[in-house]
2 protein chains.
Amino acid sequence: METRRDIFQAIADPTRRAIIGLIAITAMTPGDLAAHFNTSRQAISKHIKVLVECEVIKQRNAGREILYQLDLNKMKEVDEWLEKYRCLWEKRFDQLENVLEKLKTKKK
Amino acid sequence: METRRDIFQAIADPTRRAIIGLIAITAMTPGDLAAHFNTSRQAISKHIKVLVECEVIKQRNAGREILYQLDLNKMKEVDEWLEKYRCLWEKRFDQLENVLEKLKTKKK
DNA sequence: TATATATGCAACCATTTAATTGCACAAGAA
DNA sequence: TTCTTGTGCAATTAAATGGTTGCATATATA
């Protein structure tokens, strides 16, 4: 077993993306998180486990409660992957500008 | 069946991310793509199908060949999702700068 | 026309995933 | 101490995933 997990698999599930959204700013307990979804608390706990394994979220114990919060560093990995494609669509935007520029000169 | 797919599920698989990387700039046929992997051509075709269903790539017929190329618009969806978190880590960077600033004034 | 090539699609299979239920255990509250 | 609450973990299950092989079809090439 011990499936190799990564951030891309972590954000593939819509429930996990929702969890990420909820604990981006404020840390929350599994119980509080589960209250936001239709599924069982244990199901949410499993999603949390995946997120922790991928190091997308970090935990902090407070008595019998456990507070989970987003770790932005891992989110940057997705950003870095996107980086190379971002320059492509910016390039395309430049090309579009070139086309517009040419049309403008044509009109003159 | 007819699983509801989205871009996040599309990029979850490492093989599909590799395909995306290969056809980002130049369009390629399934056969040419398959030559880059250890798996069968049909397996690659399945990945392509997922990517097409998610509208991450677009196809263009050329005789009996089919050319696939990345559609950057869908990639932007990931970028837009990241947008809200990006401002968070930039904010954190600002806070770090504030800390450094305070330390500097303390030294004076 | 006959043959080779490029591709998609269907059937099948092993593994993974996401969810459920039940239970154990530690930390507060009575 | 006894009870309640918050949590993690194990077992089970249905569905999805990623891969395989075999086959049908359309387009090139001999």
Side-chain angles (χ1 to χ4, degrees), chain A residues 1-23 26-71 74, chain B residues 1-23 26-71 74:
Chain A
M1 314 295 125
E2 278 311 307
T3 317
R4 194 83 204 100
R5 300 190 193 274
D6 63 24
I7 174 83
F8 292 99
Q9 210 192 343
I11 64 171
D13 186 89
T15 304
R16 284 198 287 270
R17 286 200 302 280
I19 291 175
I20 286 175
L22 285 167
I23 60 175
T26 328
M28 287 177 73
T29 66
D32 288 346
L33 273 170
H36 285 78
F37 300 91
N38 288 337
T39 60
S40 68
R41 178 192 58 78
Q42 286 91 334
I44 297 300
S45 256
K46 276 189 156 192
H47 283 301
I48 290 175
K49 200 180 173 189
V50 172
L51 291 169
V52 169
E53 279 174 11
C54 300
E55 301 179 305
V56 185
I57 69 178
K58 53 180 188 280
Q59 72 181 71
R60 181 174 82 245
N61 290 50
R64 69 180 159 179
E65 293 188 334
I66 304 179
L67 289 163
Y68 291 95
Q69 187 159 14
L70 185 62
D71 184 356
K74 278 287 160 179
Chain B
M1 308 304 121
E2 278 311 306
T3 317
R4 194 82 205 100
R5 302 191 191 273
D6 62 25
I7 175 83
F8 292 100
Q9 208 194 344
I11 64 171
D13 185 89
T15 304
R16 283 197 288 270
R17 286 200 302 281
I19 291 174
I20 287 175
L22 285 167
I23 60 175
T26 328
M28 286 176 76
T29 66
D32 288 346
L33 274 170
H36 286 77
F37 301 91
N38 286 337
T39 60
S40 68
R41 177 192 58 80
Q42 286 91 334
I44 298 300
S45 257
K46 275 189 154 189
H47 283 302
I48 290 175
K49 199 180 174 188
V50 173
L51 292 169
V52 169
E53 278 173 12
C54 301
E55 302 179 302
V56 185
I57 68 178
K58 54 178 187 283
Q59 71 181 73
R60 181 176 83 245
N61 290 52
R64 69 180 161 182
E65 293 189 334
I66 304 178
L67 288 164
Y68 290 96
Q69 187 160 12
L70 185 63
D71 183 356
K74 278 288 160 178

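Lettering of chains follows the sequences in order, A, B, ..., and the numbering in each one begins at 1.
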Whichever of A:Ala62 and B:Ile66 has its nearest DNA chain C nucleotide further upstream toward 5': B:Ile66
query: Given A:Arg17 and B:Asp6, is the salt bridge (Lys or Arg N to Asp or Glu O under 4.0 Å) satisfied, shown in steps?
result: CA-CA 13 Å; A:Arg17 286 200 302 280; B:Asp6 62 25; 3.4 Å; yes
Sort me out a list of protein N/O and nucleotides 21-24 of chain C N/O pairs below 3.5 Å, or just none if empty.
residue, atom, partner, partner atom, Å
C:dG22, O6, A:Gln42, NE2, 2.9

message: Counting only side-chain heavy atoms from C-beta out, which of C:dA18, D:dT7, C:dA19 sits nearest to A:Arg16?
response: C:dA18
task: Take atom NZ of B:Lys49 and atom P of C:dT7, then tell me their distance rounded to the nearest Å.
output: 16 Å
- prompt: For the pair made of CE in B:Met28 and C1' in C:dT7, what is the distance, rounded to whole Å?
  reply: 15 Å
- request: Would you kindly give the CZ-to-P distance between B:Arg17 and D:dG18, to the nearest whole Å?
  value: 11 Å
task: Go through D:dG19, D:dT7, C:dA19 for me and flag the one nearest to the B:Thr39 side chain.
output: D:dG19
- prompt: Reckon A:Phe37 touches a base, only the sugar-phosphate, or nothing at all at heavy-atom distances under 4.0 Å?
  reply: nothing
- request: Would you kindly give the NZ-to-C1' distance between B:Lys46 and D:dG22, to the nearest whole Å?
  value: 13 Å
- prompt: Within this structure, what is the CD-to-P distance between A:Glu65 and C:dA29, rounded to whole angstrom?
  reply: 10 Å
- line: Distance col, row A:Arg16:CZ vs A:Ile7:CD1, nearest 0.5 angstrom, shows 10.0 Å
Whole-Å gap separating C1' (C:dC9) and CD (B:Glu53): 13 Å
task: Taking salt bridge (charged side-chain N to carboxylate O under 4.0 Å, His left out) as the test, write out the residues that go with A:Arg64, two or more places apart.
output: none
Within the sub-3.5 Å range, which N or O atoms of nucleotides 1-5 of chain C have a protein N or O partner, and how far apart are they?
residue, atom, partner, partner atom, Å
C:dT5, O2, B:Arg64, NH1, 2.8

field: d(CD1, B:Ile48; P, C:dG8) in whole Å
entry: 6 Å
- request: Could you state the atom-to-atom distance from NE2 of B:His47 to P of C:dC9 in whole Å?
  value: 16 Å
- prompt: Among the nucleotides C:dA11, C:dA18, D:dG8, which one has an atom lying closest to any side-chain atom of A:Ser45?
  reply: D:dG8
